[in-house]
Each structure stands twice: as structure tokens, then as C-alpha cells.
Participant: 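Quick one: structure below, then a few questions.
Computed from a predicted structure; not experimentally measured. Letters A, B, ... are given to chains in the order of the sequence lines, protein chains preceding strands, and every chain is numbered from 1.
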Amino acid sequence: MDKNFDHKKYEKEIYEMWEKSGAFTPKIDKGKKPFTIILPPPNASGGMHTGNVLMIAIEDILVRWHRMKGDPTLWVPGTDHAGTETQITYERELKKEGKSRFQFDRETLYKNIAEFVFKNKRFIENQIRAMGASVDWTRYKFTLDEDVLETVRSTFEKLHKDGLVYRDNYMVNYCPVCGTTYADIEVAHEEKNDPLYFMKYGPFTIATVRPESKFRDTALAVNPKDKRYKEWLGKKLEIPGLLGPITMTVIPDPEVNPEFGTGIMKVTPAHDPHDFELGKKFNLPVLPIIDLEGRMDFSWFLSQNDADSKYRARAEKYHKKKVREARKLMVEDLKEDGLLLKTDEGYVHTVPTCKAGHEIEPTVLPNWFIKVDSLKEAAFKAVKTGKIKIYPKWREITYTRWMEAMHDWAISRQNVWGIRLPVWYSLQKNPTLQITYLKPDGQRVLRSGEGVLATNELNEAKAGLQQLRAPIGSQYEINQTSPGSDYLQETDTFDTWFSSGQWPLVTLGYPDSEDFKYFYPTSVMETAWEILSKWVSRMIMFGIYLTGEVPFRDVYLHGIVRALDGRKMSKSLGNVINPEEYIEQYGVDALRMGLISGTANGRDFNFPRDRVIAYRNFANKLWNLGRFTMMKLEELDSPTPEFDKKMKGLKKQDREILAKLKKLIKTVDEKLTKFRFADAAEAIYQFVWHELADKYVEEIKTREDKELAAAVLKHIYLTSLKLLHPFMPFVTEAIWGEIKNLRKYPDQMLITSEWLQV
RNA sequence: GGACUCGUAGCUCAGUUGGCUAGAGCGUCGCAUUGACAUUGCGAAGGCCACAGGUUCAAGUCCUGUCGAGUCCACCA
């Protein structure tokens, strides 16, 4: 044995040994209760970050512990296609090459992204290995594997059959840059400074940051309690505007704050979620004015032949301009007409933004929705009644609050990279479909369903298809494959969480595999609390909906590992900690232990750099205890006697340390049962270093009864290695291998050795 | 605006149902030492447990309020 433990020499080799030995693959034994964890699938095209190391460390501890205890233990690995996120990343790459996704037909783009992802996928798989995850690679899944697709599609079919799927025009969080819809929970809010304009509005003054939408306003809302405007309620008004008069109704809305601005709010049902709801209540028309590329669309006005020439010129000026640009032009014209009363330049408000940081443009679009009422009720109850337990307990509030507030879930995304909805539209039956495709010469055309048939371009449309938009009311069929030759498939894909929400099912081969029957429901879902509502809630919903049984019993939520400066790690802040550097420098055992001990209670914590170093030193201490033990045993003339509790001649110090070891085993078991990983780790650390190394070993050096002392030492040491193995798998297995001659069964690996009885 | 969490040694954090003479790692200081390990050993300094009230035989721990930090949720033009 070398003087110091060199992790680089062992980690890779040991992992390979484990993997090859089949130790990660459980033997199904119907007489025994299995222990199952599904690895939350990291983004296939991303890299593992520090949080992932913590996640893997925790799960690996549980898995190795149960495996050693003899439970048939399964830990299923997988990666996620991460639809929107990956597509954003890929499009950035395209942009660097001066290209955009609009230059590709759907199929080609998909293939290209797939290639990009598959190139990166192996990288992340190897990172998972490097972290020591004892996952069963023979059951590895990717969210776009064929069997996953089938299950996801049939779940959609079932939901549809049960009347839980609908299509509707709905106010969605639409990003004009990304060209897709986002679910409410994916939207972030940013503070922004935008001028607040006070405009003359007939007899009123209103305050708005969005004068550009005024052309399509259909009402004015006031608080019904506001005395100032009481007499106007229900009245219709002609309001002079930039393009002539607009007719508007004054409606009551208790949400209007009389204190804000002038106490009157303009209502634009087509571009504001709140106004959309109001519009439904009061039957207001929904009149869009911003197109899907985030440009003003005045075609509705320009098609009126009788329009005043001044107004026509203005409309032409605004037409197809980006929103902010058009706003500037309009403000100028408002000034000219004397309609702009004043501007508050210092106004700060929050605006919704998408994942990539673009401003969201609330837009009314046909989308696919899931009715969540019945699903969420069951999922809510499962936690409320304790069928599923959440650790730490206080996180439960986040879950129940979210569940109570949850509204229907928009599951369609206008992305290419994802699982396409198994919905088909016949062109014959739907002449008004809007189909965008590339002609063989690269020209991009938009035709109606009718138009495609009339020009005989169905095959071209199929080959060059980019996007299909079916108006509400279109006839469709749900099918795994095309129902006929004049059918086109929906181009929308599922929200990533729609597929990953079924992860515990698809990874186990739902509905009828042996695995599914044996391993479902799983034991623990361990993940970051950040995705409690995005992911965990959906898994519970789908699990109960499809199987009648919860997908897991316990949910353990770990905290976020923040940067050394106490802030969340982010590329823009430049404070990201790359775990690989720490693995390289201190070894993965040390990194894992450091992270584990950084948080005892699931709260967020700063990256514990000191502790990583401390545990690197500990690994070395452990290593040297091994060297010392070997040395002591080799000094003996006769073979070391096997330790036995009933051995004669045990001294006080022997009995003391044996008692402490017994207590330690009990502590570790207890703490792990309660998900108190830091406590367990700390207890072993204290014992090994300060009881075994500092006291017992020092004392042993001068003992006369060498045989007995050596037997006790060997027993304590081997037991410590076992206790520590779930936490620091590499160094313990490395030592185990180095000292094989001291062991009763030299060929046995530590990973599959037996856990300890108290 | 609502909710959650936190405020304990210079730093990063433990302290689970109230019983603590308040702990660990790192850092600091002193001493030691070439055969298990300097990625070492022995020892020391360092804390009105944010602040103010309350409950209790007993409060870092429970309750109320104040101040400070962070995060999540939210349709305020």
C-alpha cells in the first residue's frame, strides 16, 4: 500500500469492477421487499452540476445501504431530453453559425438536435459513473426511447378518452423569440423600468405601459366601489384614438385598484391574462394585434378600404414593427394628437420572462390542456393523508399550496425537440388548417389545408413541414400512427414534465412488465425541492391516475448548493463550481461527504469547500489505518485469530471501543432511516478518527497481548469500512481490496458484503 | 402583495420531541514529531445562541413582536 491514498489510481478501475460484476443489478426475490429509487433524469445534453453530486450521493447512500442489508435494490438511471431547454441551447449554437431553425424542416431539425444530444449523452453518463452512482445500467432509459414514447402517447389517449384533454383558445405565456408557449410555472418575473403613459381616453385618463395594444381594447374597467365612475358603468363610449374612434364599454371589476393611476384600466382581452378572463365574463371580443413573431399586426385595419388616409398611413407605419419600436412611434403620434398627457419615466413593474430571458407576450392561441381537478385532488390527498411523506416536513406546505392553486395544465409546446402529440388532422376535413413548410427549393410557404390540396403539394408539405396550426374546432384523430394519406400530425410536442411526470412508470416498464409488478411503487423519490411542484406533483398525479397507487412512499428534498459567495450558482454571475475539479483534486468520496455534511436538514447551503478537504484528509486517515492494521497483523507470528464476542482476556479499552462501535451501528441505521445523512456521516467520522485512530490505535501500540488486540483492531476496522462504504464507496472498496489477505472471504467485494447486525 | 426558511465561535454549518457545562470542520495561536498518516499528533483561545417581551422548575430550542438576510409563489394596468 502506498503511503497516501491516491483516488485517481482507484476510482475508475473500481467502478468498472462493480459494473462488470453485476452488483448493480438486483435479483428479484418475491419473498423479499425491494428497495427502489428512480434517478431524477438529468438533462441529456447538459453537464452534471454540484447539486447533481449531492443528489447522487444521497441516493447512492440509501441504495448501497439497502443493498448491503440484503434488500433487492434497484436504482434506475436515465436522462431527459429536456425539450425547451435543449432546443434553446441548440438554437444558440445555430445562431453562432448564422443559421436559424426556420431554415430547416421539422424532421431535419429534429435529427440535428438528436445528433447534438446523443453526442453529449455519453458524456453525462460517464459523469454519473464518475460520481460512483451504483445504478443499474442494464435498465438505463432515455425519455425519447421508443417504449417511453409509446407509454406517453397512450397516456394521452387515455386522458382523452376519459374526457380530461381539451383544446382551447387560451391566454398562454407565449415567447415570440422562442416561438413557443410556456406553462405558468416556467415563467419567471423580472423587474423592469418602463415608462408609464397617461393617455387621454375620451372623458377619462388612463395610465398604461402598453399604449400599443389600445387599438384592440374592447372595454374599460373600473372598481364598482369607485364613486368617481359609478355613473359610467355599463355605458358605451366612442373614444378618439390614433386610428379613429374605438367603441368601448365600461365594465366593473373589483380587482381594479382605484389608487393606481387614475383608477381606470383598459381591457385588452387578446394580450393580457387578466383581461382575457374579464373578456370571457363580459363576452368581449378577443382581437389580437401582436403576431407570433412579436410584431404589430394591423392587417385588420389595412383591409378596411374606407379608412382615412392619415390613419392608413399610420397603420402602415406601425405594421409589422416590433412591439417596442411601434410603441415609440405611437407615443410620438399620441403627442401630436394631444392624447398623451404625461409620462412617468421612473415606473418599475414586473414583467414575465421565459427560460431564455425573453419577455413573454401573453397571447391567445389554441393549445392542448389537461383538466387537473380530479387528478390533483387525489394527489393532494395522498400527501395530506400521509400515504406519501415529504421530508423535510415543512416543505409539505409548498406542495399543498401549489396543489390547491393548480389550474388546468397547458401541455403543448411549439417545439420540435420533444414527443410529438399523437394527434392527426385530415386536410380534407380541415380546409382551414394553417400549414407552414419548406418547398424543395428552400422557400418557406404558409398555406391552408385547402391550399395544399389545391396545389397538389401534400407530399411537399409532408416532407418540408415546419408547423401546423389547427384552429379551434378542427377535427382530429388520436392515433399512434397516421390514420390516412391526407393526414398531417400535430407539430406541437408535449411539455417535458408531461413525459417525465410518468418517469417512475416508464422506467419500470409500465403496465405489465415483471419489473413493474415487483418494484412499483418505488421507495423514495429524492430530488431538489425546486422541482417539487413542476415534477413531483405531476408524478404523483400520473402515478395515481394510471395505476391507482402512489408512485413512491417517501419524498426526500435536498437543498440547493449555492456558490462560495452564498448566491445561487449561475453562469452569468461566474460563480459556478465545477464538481469535476473537486473530484480531480480531492476525490469523489471527499466531495460527496463534504456535500452531505453541508446540509443536515434539507435547507440550502453554501458549497462546503473546507469540508471537502477535511474529508479528503479523512479518506487518507482511513487508508493509513488500513496500513497500520496490516502492519500489526503481519507482525504476529501466528495467523490472526478471528474476533469473537466471547473472546477471553478482553481489556477495558477493548470493551469500551466495542461498545462504542455497537452504538455507532445503531446510530447509523437510525439516522439513515430518518434521512439524517449528515448525522450518520458525522458519527462515523468521529468514531473512526477520534475513537479508533486517536485513542485505540495509540494505546494498542504498547500492548503486550498483541494477538488479542490485533483481532479486535481488525474487527473494528473492517466493520468501520462497511459502515462507511455507502458514504465513501471508493476509498473503502480500495482498502478492502488491498487488505484482502486479512479477510475471511478474500474474493468478496465490499459493495456486496453484508451489513451489520447490532 | 402572500408564503416559507434562516440569523449560534473569524468563516461554513450541526444542535430532531425544551434538560447544554452550547458543538463540528476550516481558520488562528502554542507545543510535539522521521516508521500508519504533515492529507499527522497534543493542547489553547474564541459565543449576552440577532434584538425585545412572554410561557415554563427549565428556552439556542415553544409563543408574540421588531430588525436583518435569502428563496418561492402572485394577473395589478
Participant: Begin with the C-alpha distance, continue with both residues' side-chain angles, and end with the deciding distance and a verdict on ring pair (Phe, Tyr, Trp, His ring centres under 6.0 Å) for A:Phe675 and A:Tyr556.
Facilitator: CA-CA 8 Å; A:Phe675 301 105; A:Tyr556 180 80; 5.4 Å; yes

Participant: Considering every strand and a 4.0 Å limit on heavy-atom distances, what is the contact class for A:Gln686: base, sugar-phosphate, or nothing?
Facilitator: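 If one applies the 4.0 Å heavy-atom cut-off, A:Gln686 turns out to touch the sugar-phosphate alone, with no base involved.
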
Participant: When you compare B:G15 with B:A9, how far apart are their C1' atoms, in angstrom units rounded to a whole number?
Facilitator: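 Rounded to whole Å, the distance is 14 Å.
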
Participant: OP1, OP2 of B:C72 versus side-chain N and O of A:Lys568: anything below 4.0 Å?
Facilitator: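 For A:Lys568, the contact criterion (side-chain N or O under 4.0 Å from OP1 or OP2 of B:C72) is met.
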
Participant: Pick base, sugar-phosphate or nothing for A:Ala207, based on heavy-atom distances below 4.0 Å to the nucleic acid.
Facilitator: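 Contact class for A:Ala207: base.
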
Participant: Quick one: look up who B:G18 pairs with, Watson-Crick or G-U, both distances under 3.5 Å, and put none if it's unpaired.
Facilitator: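 Because no pair has both required distances under 3.5 Å, B:G18 counts as unpaired.
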
Participant: If we call it a pair only when both distances are under 3.5 Å in a Watson-Crick or G-U wobble match, what pairs with B:A24?
Facilitator: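 Here B:A24 is engaged in a pair, and the nucleotide opposite it is B:U12.
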
Participant: With a 3.5 angstrom cut-off on both distances, give the Watson-Crick or G-U wobble partner of B:C31, or none if there isn't one.
Facilitator: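 B:C31 is paired, partner B:G41.
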
Participant: Report which part of the nucleic acid A:Trp529 touches: base, sugar-phosphate, or nothing (heavy-atom distance under 4.0 Å, all strands).
Facilitator: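 Sugar-phosphate contact only - A:Trp529 comes under 4.0 Å of backbone atoms but never of a base.
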
Participant: For a quick check of understanding: with a heavy-atom distance under 4.0 Å over all strands, which category does A:Phe198 fall into, base, sugar-phosphate or nothing?
Facilitator: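 Touches nothing.
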
Participant: Tell me the interatomic distance from A:Tyr717, atom OH, to B:C37, atom C1', rounded to whole angstroms.
Facilitator: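 These atoms are roughly 11 Å apart.
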
Participant: Atom CZ of A:Phe618 to atom P of B:U39: distance rounded to whole Å?
Facilitator: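 Whole-Å distance recorded here is 17 Å.
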
Participant: Should the pair A:Lys389-A:Asp554 be classified as a salt bridge under the 4.0 Å nitrogen-to-oxygen rule?
Facilitator: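 Looking at A:Asp554 together with A:Lys389, the answer is no, because their closest N to O distance does not fall below 4.0 Å.
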
Participant: Can we call the ring centroids of A:Tyr586 and A:Tyr615 under 6.0 Å apart?
Facilitator: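 So the answer is no for these two rings.
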
Participant: Classify the nucleic acid contact of A:Lys671 as base, sugar-phosphate or nothing, counting any heavy atom under 4.0 Å across all strands shown.
Facilitator: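 Base: the residue A:Lys671, judged by heavy atoms under 4.0 Å, touches a nucleobase.
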
Participant: Indicate, with a heavy-atom threshold strictly under 4.0 Å, whether A:Thr350 touches base, sugar-phosphate, or nothing.
Facilitator: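 Touches sugar-phosphate only.
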
Participant: Write down the partner of B:A3 under the Watson-Crick or G-U wobble criteria, each distance required to be under 3.5 Å.
Facilitator: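 Looking at the geometry, B:A3 pairs with B:U71.
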
Participant: Scan A:His690 against the nucleic acid and name what it touches under 4.0 Å (heavy atoms): base, sugar-phosphate only, or nothing.
Facilitator: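 Sugar-phosphate contact only.
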
Participant: For A:Met728 and B:U39, what is the distance between atoms CE and C1' respectively, to the nearest whole Å?
Facilitator: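 That distance rounds to 12 Å.
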
Participant: When all nucleic acid strands are considered with a 4.0 Å heavy-atom cut-off, which category describes A:Lys214: base, sugar-phosphate, or nothing?
Facilitator: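 A:Lys214: no heavy atom of the nucleic acid under 4.0 Å.
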
Participant: What does A:Met631 touch in the nucleic acid at a heavy-atom separation under 4.0 angstrom: a base, only the sugar-phosphate, or nothing?
Facilitator: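 The answer is sugar-phosphate, as A:Met631 gets under 4.0 Å only of primed atoms, P, OP1 or OP2.
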
Participant: Return the nucleotide paired to B:C49: Watson-Crick means purine N1 to pyrimidine N3 with N6-O4 or O6-N4, wobble means G-U with N1-O2 and O6-N3, both under 3.5 Å.
Facilitator: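 By the stated definition (distances under 3.5 Å), nothing pairs with B:C49.
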
Participant: What integer number of Å spans the P atoms of B:C4 and B:U40?
Facilitator: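 Roughly 45 Å separates the two P atoms.
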
Participant: Take A:Ser533 and A:Val351, find for each the nucleotide of RNA chain B with the closest heavy atom, and name the residue whose nucleotide sits nearer the 5' end.
Facilitator: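 Nearest nucleotide further toward 5': that of A:Ser533.
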
Participant: Does A:Arg603 qualify as a cation-pi partner of A:Trp529, given the criterion of NZ or CZ under 6.0 Å from the six-membered ring centre and within 45 degrees of its axis?
Facilitator: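 Output no; distance or angle outside limits.
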
Participant: Distance between the P atoms of B:U21 and B:A58, in whole angstroms?
Facilitator: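 Comparing P positions in B:U21 and B:A58 gives a spacing of 14 Å.
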
Participant: Rounded to whole angstrom units, what separation is found between the CG atom of A:Leu622 and the P atom of B:A36?
Facilitator: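 These atoms are roughly 17 Å apart.
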
Participant: Does A:Phe727 have its ring centroid less than 6.0 Å away from the ring centroid of A:Phe677?
Facilitator: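 No, the ring centres sit 6.0 Å or more apart.
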
Participant: Apply side chain to side chain donor-acceptor pair (under 3.5 Å) to A:Glu656 and list each qualifying residue two or more places apart in sequence or on a separate chain.
Facilitator: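 Listed in chain order: nothing, the list is empty.
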
Participant: Would you say the rings of A:Phe628 and A:Tyr717 are close, in the sense that their centroids are separated by under 6.0 Å?
Facilitator: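 Between A:Phe628 and A:Tyr717, which both carry aromatic rings, the centre distance is not below 6.0 Å.
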
Participant: Do the side chains of A:Ile290 and A:His271 get nearer than 4.5 Å, heavy atoms only?
Facilitator: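 Touching, per the 4.5 Å side-chain cut-off.
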
Participant: Considering every strand and a 4.0 Å limit on heavy-atom distances, what is the contact class for A:Ala693: base, sugar-phosphate, or nothing?
Facilitator: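 Contact class for A:Ala693: base.
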
Participant: Should the side chain of A:Lys3 and the base of B:U39 be counted as holding a donor-acceptor pair, with the cut-off at 3.5 Å?
Facilitator: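 No such pair is found, so the answer is no.
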
Participant: Would you kindly give the NE2-to-C1' distance between A:His189 and B:C75, to the nearest whole Å?
Facilitator: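 Those two atoms, NE2 and C1', are 9 Å apart.
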
Participant: Identify whether any heavy atom of A:Arg401 sits under 4.0 Å from a base atom; if not, whether one sits that close to sugar-phosphate; answer base, sugar-phosphate or nothing.
Facilitator: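 Base contact - A:Arg401 has a heavy atom under 4.0 Å of at least one base atom.
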
Participant: Walk along nucleotides 4-14 of chain B from 5' to 3' and tag each nucleotide B, S or - by protein heavy-atom contact under 4.0 Å, base first, then sugar-phosphate.
Facilitator: SSS-----BBS

Participant: Within the supplied structure, the quantity of interest is the number of heavy atoms (other residues, nucleotides, ligands) at a distance under 6.0 Å from A:Arg703 CZ; does it exceed 12?
Facilitator: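 Yes, because the 6.0 Å sphere around CZ of A:Arg703 holds more than 12 heavy atoms from other groups.
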
Participant: Please report the distance separating the P of B:G65 from the corresponding atom of B:G23, rounded so that it comes out in whole Å.
Facilitator: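 Nearest-Å result for B:G65 against B:G23 at atom P: 32 Å.
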
Participant: Can you tell me the Watson-Crick or wobble partner of B:C62, both distances under 3.5 angstrom?
Facilitator: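 B:G54 is the nucleotide pairing with B:C62.
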
Participant: Say we look at B:G60 and B:U8: how far apart would their C1' atoms be, to the nearest angstrom?
Facilitator: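 Their C1' atoms lie roughly 7 Å apart.
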
Participant: Check the distance between B:C73's P and A:Asn173's CG and give it to me in whole angstrom.
Facilitator: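 From A:Asn173 CG to B:C73 P: 13 Å.
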
Participant: Between atom CZ in A:Phe5 and atom C1' in B:C37, what is the gap in whole Å?
Facilitator: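 Rounding to the nearest Å, CZ of A:Phe5 and C1' of B:C37 are 14 Å apart.
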
Participant: Output yes when at least one side-chain N/O atom of A:Trp689 is less than 4.0 Å from OP1 or OP2 of B:G41, else no.
Facilitator: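 Yes.
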
Participant: With side chains defined as the heavy atoms from C-beta onward, is the minimum distance between A:Thr218 and A:Met248 less than 4.5 Å?
Facilitator: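 No, too far: nothing below the 4.5 Å cut-off.
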
Participant: What integer number of Å spans the C1' atoms of B:A50 and B:G7?
Facilitator: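 The same atom, C1', in both gives a distance of 6 Å.
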
Participant: Quick check: do A:Trp736 and A:Leu718 have side-chain heavy atoms less than 4.5 Å from each other?
Facilitator: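 Yes - at least one pair of side-chain heavy atoms lies under 4.5 Å apart.
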
Participant: With a non-hydrogen cut-off below 4.0 angstrom, is A:Asp272 in contact with a base, only sugar-phosphate, or nothing?
Facilitator: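 No contact at all - A:Asp272 keeps every heavy atom at 4.0 Å or more from the nucleic acid.
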
Participant: For A:Ile735 and B:U39, give me the distance from atom CD1 to atom P, rounded to whole Å.
Facilitator: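 Atom CD1 in A:Ile735 sits about 18 Å away from atom P in B:U39.
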
Participant: With rounding to the closest Å, how many angstrom separate the P atoms on B:A59 and B:A22?
Facilitator: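 Pairwise P distance, B:A59 against B:A22, rounds to 14 Å.
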
Participant: Considering only the P atoms, how many Å lie between B:G18 and B:C72, rounded to the nearest integer?
Facilitator: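 Approximately 32 Å lies between the P atom of B:G18 and that of B:C72.
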
Participant: Between A:Asn617 and B:C37, is there a side-chain N or O to OP1/OP2 distance below 4.0 Å?
Facilitator: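 No, A:Asn617 has no side-chain N/O under 4.0 Å of OP1/OP2 on B:C37.
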
Participant: Out of B:A36, B:G41, B:U39, which has the shortest distance to the side chain of A:Asp694?
Facilitator: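 Taking heavy atoms from C-beta onward, the closest nucleotide is B:G41.
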
Participant: Students often get this wrong, so: under 4.0 angstrom with heavy atoms, is A:Val267 touching a base, only sugar-phosphate, or nothing?
Facilitator: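 Since no nucleic acid heavy atom lies under 4.0 Å of A:Val267, the category is nothing.
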
